**Student:** 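Have a look at the structure that comes next, please.
All of these numbers come straight from a predicted model, not from anything done at the bench. Each chain gets a letter, A, B and so on, in the order its sequence line appears, and its residues count up from 1. These values consider heavy atoms only, across backbone and side chains, with no hydrogens, waters or symmetry-generated copies.
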Amino acid sequence: MAPKKSKNRTPSPDPNGIFSGISVYLVEKGVQNRRLQVWKQKLVQMGATIEERLSKKVSHVFAVDLNSLLQQVDRERLTRYKGFILLYQWLVDSLSSGEKVSEDLYLLNLDSEEDNIADKSLDWKQENENVSSDCEPLHHKRIKSSHEDVESFKVESKRDADNNAVSETLNSSISSDNLPDSPSTASMSLDTPGGQFKDVNVLQPSLPYSPPDLNKNITEIFGKLINIYRALGEDRRSFSYYKVIPVIEKLPFKIESADQVKGLPGIGKSMQDHIQEIVTNGNLSKLEHFETDEKVRTISLFGEVWGIGPATAQKLYEKGYRTLDDLKSEDSLTHSQRVGLKYFDDIKTRIPRQEVQDMELLLQKAGEDILPGVDIVCGGSFRRGKSSCGDLDIVITHPDGKSHKGFLSRFVKRLKDMNFLREDLIFSTHSEEDSDSCVDTYFGLCTYPGRELRRRIDLKVYPRDIYAFGLIHWTGNDVLNRRLRLLADSKGYRLDDTGLFPATHGSGGKKGAKASTSLKFGTEKEVFDFLGFPWFEPHERNL
DNA sequence: CGGCCAATACTG
DNA sequence: CAGTAT
DNA sequence: GCCG
């Protein structure tokens, strides 16, 4: 690749591009995956191109040591190879010094004698052990590992939060609260791993890292594919697109060629091809095809009805239905689907924050009426401070730890009497009286007092001792939830909305033996702390 | 090729 | 049990 | 879809 354009090739805070022009091949053997992904990202951000195979284009080959190198690449090829063959340490040092350091000290030599090689590989091994002590914590105590992970998370989260803040500046006043808070934290975290950011921060104290819209052309199209594939029931595929969007959003430059994203996590052959097509043609034929295909369009539409999923949507299509109006004459619809259909437009309409707040208050008063002391909060995007919400997620408990039982049915009855709840979708008649320690749930539609517009509402009643888990779960967002779950997993626990359980891993236990009871925590913070996850205020959980 | 976003609860 | 939703 |  010809490194010709040395001017401001990107609108990013990335005048450095310290790896600009180099083309790398990575020997992944022996590298901790997480670290590898970070390196790839850095390389790409700093202008390098990642090759999947060792070719003439490659100017730098990286390996953790000679053994891994030879294990993955033909010795024969290597002897013919003309570029640098280096230890990853070169990468680390270059990143921390903010410039490409001399390759001399990091060269991996093949042409040594056998015994020399043995010696060297030993040396390298030791080197790497030193290295790994401050980047690969696995050998040492668990605690350290989690700590480092947490640090990484912090960095990522803050960046993501910034992303959101930028893109949602339009309609969210809360997110602007994020901005003043982020730079300091972010710059502090960034100082450690990547020194060059420090300079950037000094020069641009206001915005340490600003990856706004660039590549929106790509993420928008991928966003549509997510919905289409989900409607078609191809969840896995849909999720692949879902995962790759944040990766692309983090890039500080506008993608002009698929080479620039090659090797990034979640980006394989297909993604590259799609990206290439989008940056050259401005559109994606695959998406165009989907959007014109009547079957895909119809199934997608039907799938937007509450209670209709991919399977039902397809059946209905095959029965000949093409519009929502047609569907109303179908007998096989369930009660929920009929309600979902009838109030299709209502349900899709977002709810202004103010109305949610009013309804939360209404619910709290109604609850207090029939059960003094009952604790009722609206979770979901409302609790995260969003200016509008898709629905109401109401999380309920009672401080005394027992009078929550049987509350839900009384509450629902009451709310129906006052004409707040209007239609049922799902009613868990779980613990009317006594079946203890389970979560009662109600899904339905409600209205703002004096109006007819239907709003989706979920009510969930938790026993006090697992309330914190429910609150965390229903406050979200899903990205944060997933990280918490992952973190819990890595520490040998299983986390969900009903508790934190010691991993009953593969051994024996089927379903009957739900034996392990959840650890008890009174507050969200205690859960975060226990997991070693940094505390996020609800409004900071819009990752 | 098979796993991956986990796990659970209601409906009919 | 399959399908659907959270 | 991607990844191992």
**Student:** Got a sec, which residues hit ring-ring contact (aromatic ring centres under 6.0 Å, His included) with A:Tyr448, two or more places apart in sequence or on another chain?
**Tutor:**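 Here no residue qualifies.
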
**Student:** What pairs with A:Phe528 under ring-ring contact (aromatic ring centres under 6.0 Å, His included), at least two apart in sequence or on another chain?
**Tutor:**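 A:Phe533, A:Trp535.
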
**Student:** Under the ring-ring contact (aromatic ring centres under 6.0 Å, His included) rule, what pairs show up with a residue in residues 258-313 of chain A, not counting sequence neighbours?
**Tutor:**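 Passing the test, one end in residues 258-313 of chain A: A:Tyr229-A:Phe290.
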
**Student:** Specify whether A:Tyr442 and A:Phe427 have parallel, tilted or perpendicular ring planes, treating 30° as the upper limit for parallel and 60° as the lower limit for perpendicular.
**Tutor:**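 Answer is perpendicular, since the angle exceeds 60°.
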
**Student:** Report which part of the nucleic acid A:Arg230 touches: base, sugar-phosphate, or nothing (heavy-atom distance under 4.0 Å, all strands).
**Tutor:**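 No contact.
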
**Student:** Among C:dT6, B:dA7, B:dC5, which nucleotide sits nearest the side chain of A:Asp496?
**Tutor:**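 Looking only at heavy atoms from C-beta outward on A:Asp496, the closest nucleotide is B:dA7.
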
**Student:** With a 4.0 Å heavy-atom cut-off, tell me which residues in residues 309-347 of chain A come close to DNA chain B, sorted by residue number.
**Tutor:**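 Here the set is A:Thr334, A:His335.
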
**Student:** Using a cut-off of 4.0 Å on non-hydrogen atoms, how would the nucleic acid contact of A:Leu264 be classed: base, sugar-phosphate, or nothing?
**Tutor:**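 The answer is sugar-phosphate, as A:Leu264 gets under 4.0 Å only of primed atoms, P, OP1 or OP2.
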
**Student:** More than 12 heavy atoms of other residues, nucleotides or ligands under 6.0 Å from NZ of A:Lys520: yes or no?
**Tutor:**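 Yes, NZ of A:Lys520 has more than 12 neighbouring heavy atoms, counting only those of other groups under 6.0 Å.
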
**Student:** For A:Val305, which contact category applies under a 4.0 Å heavy-atom criterion: base, sugar-phosphate, or nothing?
**Tutor:**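 Counting heavy atoms under 4.0 Å across all strands, the contact made by A:Val305 is with sugar-phosphate only.
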
**Student:** Test of understanding: with salt bridge (charged side-chain N to carboxylate O under 4.0 Å, His left out), list the residues that count as partners of A:Asp489, not counting sequence neighbours.
**Tutor:**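 Salt bridge (charged side-chain N to carboxylate O under 4.0 Å, His left out) check on A:Asp489 returns nothing, list empty.
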
**Student:** Where along residues 232-241 of chain A does a heavy atom come under 4.0 Å from DNA chain D, residue by residue in number order?
**Tutor:**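 DNA chain D contact set from residues 232-241 of chain A: A:Arg236, A:Arg237, A:Ser240, A:Tyr241.
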
**Student:** Can you name the salt bridge (charged side-chain N to carboxylate O under 4.0 Å, His left out) partners of A:Asp345, sequence neighbours left out?
**Tutor:**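 Result, salt bridge (charged side-chain N to carboxylate O under 4.0 Å, His left out) vs A:Asp345: none returned.
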
**Student:** Can you name the residues that form a salt bridge (charged side-chain N to carboxylate O under 4.0 Å, His left out) with A:Asp529, not counting sequence neighbours?
**Tutor:**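 For A:Asp529, the residues satisfying salt bridge (charged side-chain N to carboxylate O under 4.0 Å, His left out) (neighbours in sequence not counted) are A:Lys525.
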
**Student:** Please work out if A:Ile308 contacts a base, only the sugar-phosphate, or nothing of the nucleic acid, heavy-atom cut-off 4.0 Å.
**Tutor:**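 A:Ile308: backbone/sugar contact only, no base atoms under 4.0 Å.
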
**Student:** Mind checking if A:Asn33 touches a base, just sugar-phosphate, or nothing, with heavy atoms under 4.0 Å?
**Tutor:**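 Sugar-phosphate contact only.
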
**Student:** Tell me, please, which residues at least two apart from A:Lys243 pass side chain to side chain donor-acceptor pair (under 3.5 Å).
**Tutor:**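 Applying side chain to side chain donor-acceptor pair (under 3.5 Å) to A:Lys243 gives none.
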
**Student:** Using the side chain to side chain donor-acceptor pair (under 3.5 Å) criterion, which residues pair with A:Lys348? Sequence neighbours excluded.
**Tutor:**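 With sequence neighbours excluded, A:Lys348 shows a side chain to side chain donor-acceptor pair (under 3.5 Å) to A:Glu304, given in chain and number order.
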
**Student:** Using salt bridge (charged side-chain N to carboxylate O under 4.0 Å, His left out) as the criterion, list what pairs up with A:Glu234, not counting sequence neighbours.
**Tutor:**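 Testing A:Glu234 for salt bridge (charged side-chain N to carboxylate O under 4.0 Å, His left out), a comparison that skips the adjacent residues, returns A:Arg237.
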
**Student:** Could you tell me from which nucleotide to which nucleotide of DNA chain D, 5' to 3', there is an atom under 4.0 Å from chain A heavy atoms?
**Tutor:**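 So the outermost contacting nucleotides come out as D:dG1 to D:dG4.
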
**Student:** By the 4.0 Å heavy-atom rule, please label A:Tyr242 as base, sugar-phosphate, or nothing.
**Tutor:**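 If one applies the 4.0 Å heavy-atom cut-off, A:Tyr242 turns out to touch nothing in the nucleic acid.
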
